[in-house]
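Following: one structure in structure tokens, then a few remarks.
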Protein chains: 2
Amino acid sequence: MGNALIALLQTGRTLTAAEEQLILSAFTEREARRDEVLFPGDKVCRTLFFIDSGVLRLGRTDDKGNDITYFFLKEGQFCTILKSFQDGIIAEEQIIAASEVRLRSVTRIALDTLYEQLPWLRHTLEQLLQRQLMEKIDLRNRFLERDAPGNYQALLEQVPGILLHVSLKDIASYLGITPQSLSRLRKNLL
Amino acid sequence: MGNALIALLQTGRTLTAAEEQLILSAFTEREARRDEVLFPGDKVCRTLFFIDSGVLRLGRTDDKGNDITYFFLKEGQFCTILKSFQDGIIAEEQIIAASEVRLRSVTRIALDTLYEQLPWLRHTLEQLLQRQLMEKIDLRNRFLERDAPGNYQALLEQVPGILLHVSLKDIASYLGITPQSLSRLRKNLL
DNA sequence: ATCATTTTTTACCCTAGGATAAGTCCCCAT
DNA sequence: ATGGGGACTTATCCTAGGGTAAAAAATGAT
């Protein structure tokens, strides 16, 4: 305990102190300021992040130059461009700090080494990543059932405290509306 | 060969005739007519479908009673409510034939038995399902970058020939617009 | 063939949200 | 403190798409 990453990985299994140490030392701790680009896109993503605190946004800059947020990731969640990380293909998506964040990162290489030492870890991690992916796709699908104010309020519940640290511009880019519309919408909710 | 399911599963591996037989006999072949409900939702989904031909729609009936299509699945793709199928939890989503379809289905139980006989199959299938999931989430994310006519045209490319077999009502429910809007939109595209 | 039902289209009016422009506020660097 | 830039808001106008109603076309059943 005292560490969310370890807690997550030892679901249904108790880790020895040595195992914990092995895992933790494969990750590098770092911080990032809001708007810092953690993965710029248009290349292979070789990093897997784990969020200790703060919010990341995963998205893309579309052809018209608009920033689009596919989804937000919060503390206790992993973040990578999965297709790229797994298959080594070029990713168009980018990963950006939506608030000040504390995170841990591990490279594909380091993770492979870790898998050799702890074979069970591969399946555990793959399961976690898949579960998270399904959660995100669910959230997006539910967007179809609500209007913008409904989606805004749903987001506030999904990421409590998001308003305290994430810019409204980024939130608008997730909702698929302009910052102006979000501003108007927020006024109507009073 | 001559069988899309086998072709898909033997990626990077050659199956013996016995293995092929084992797999094929675990699946049950069936057909369904357009609008036939293959999985009604609000219970645990214990079936994995493989589509030989035709189109399925996976979706939900929302609180206002509107049918919503999360995504279409076409020949050569698997279809199940993954979260439910894997973890045995209740699924709200439903699976419905969007056209006449030929498909193969396997129960969770039969699949587990098959896994015992062919241990490599688990990972192969999980990979395929994950890959498909990522593809679907990608498609949904791209929706944020286009307007309704753009999304309509993108769909026509994603599922060639969809107009021949799937109702416009179902297509509208995927695009998140009313059939009336789709009709108007289609007229404008000429 | 005929009738009933469903799908698709058309038309009307109305509203949510886009585009543009400009204003306010806040943060930061000098 | 002061000026500049980004974040957020406000306002105006405009358009895409919703709601409703109803016609037209296709489908199916008898």
Side-chain angles (χ1 to χ4, degrees), chain A residues 32-37 54-55 57 59 61-69 72 96-100 143-156 161-190, chain B residues 31-37 54-55 57 59 61-69 72 96-100 142-156 161-190:
Chain A
R33 299 181 313 284
R34 177 202 267 219
D35 289 335
E36 198 170 324
V37 176
V55 178
R57 43 181 294 267
T61 303
D62 77 5
D63 311 319
K64 290 162 231 131
N66 304 312
D67 275 339
I68 301 200
T69 297
F72 288 113
I96 296 177
S99 70
E100 319 69 54
F143 262 53
L144 297 166
E145 302 177 16
R146 294 180 296 246
D147 55 7
N151 284 324
Y152 171 68
Q153 291 182 300
L155 175 63
L156 298 192
I162 190 173
L163 287 177
L164 299 174
H165 306 289
V166 174
S167 73
L168 293 175
K169 174 171 65 72
D170 285 348
I171 292 178
S173 83
Y174 175 69
L175 297 175
I177 62 179
T178 60
Q180 290 89 331
S181 294
L182 177 56
S183 180
R184 171 171 39 194
L185 172 170
R186 277 160 50 86
K187 196 207 288 194
N188 292 339
L189 288 180
L190 304 180
Chain B
E31 305 195 344
R33 299 181 313 284
R34 177 202 267 219
D35 289 334
E36 198 170 324
V37 176
V55 178
R57 43 181 293 267
T61 303
D62 77 5
D63 311 319
K64 289 163 232 127
N66 304 313
D67 275 338
I68 301 201
T69 297
F72 288 112
I96 296 176
S99 72
E100 319 69 54
R142 288 305 171 95
F143 263 53
L144 297 166
E145 302 177 17
R146 294 180 296 246
D147 56 6
N151 285 324
Y152 171 68
Q153 291 182 300
L155 174 63
L156 299 191
I162 190 173
L163 287 177
L164 299 175
H165 304 113
V166 175
S167 73
L168 294 174
K169 174 173 64 74
D170 285 347
I171 291 178
S173 83
Y174 175 69
L175 297 175
I177 61 179
T178 59
Q180 290 89 328
S181 294
L182 177 56
S183 180
R184 170 171 41 193
L185 172 169
R186 277 159 50 86
K187 197 208 285 196
N188 292 339
L189 289 178
L190 303 181

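Below, read A as the first sequence line, B as the second, and so on, with proteins coming before strands; counting in each chain starts at 1.
Residue B:S167 is classed as a sugar-phosphate contact, given heavy-atom separations below 4.0 Å to backbone atoms only.
How far CG of B:L185 is from CG of B:L168: 10.5 Å, rounded to the nearest 0.5 Å. Summarising the geometry, atom CD belonging to B:E100 is positioned 10.5 Å from atom CZ belonging to B:R33; distances are rounded to the nearest 0.5 Å. With values rounded to the nearest 0.5 angstrom, A:L156 atom CG is found 7.0 Å from A:I171 atom CD1. For the atom pair B:I162 CD1 and B:L155 CG, the distance stands at 4.5 Å (nearest 0.5 Å). Note that CZ of A:R34 and OG of A:S167 are 5.0 Å apart. Values are rounded to the nearest 0.5 Å.
To the nearest angstrom, P of C:dT7 lies 17 Å from NE2 of B:H165. Rounded to a whole Å, the CZ atom of B:R34 is 10 Å from the C1' atom of C:dT6.
Between B:Y152 and B:L189, some side-chain heavy-atom pair lies under the 4.5 Å cut-off. At least one side-chain heavy atom of A:I68 sits under 4.5 Å from a side-chain heavy atom of B:E145.
By the side chain to side chain contact (heavy atoms under 4.5 Å, CB included) test, A:N151 is found to be paired with A:F143, A:R146, A:L175, residues two or more places apart in sequence or in another chain being considered.
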Reading nucleotides 11-30 of chain C from 5' to 3' and marking B where a protein heavy atom lies under 4.0 Å of the base, S where only the sugar-phosphate is that close, and - otherwise, the string is S-----BBSBB---------
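For DNA chain D, the span of nucleotides reached by chain A at under 4.0 Å from its heavy atoms goes, 5' to 3', from D:dA7 to D:dA11.
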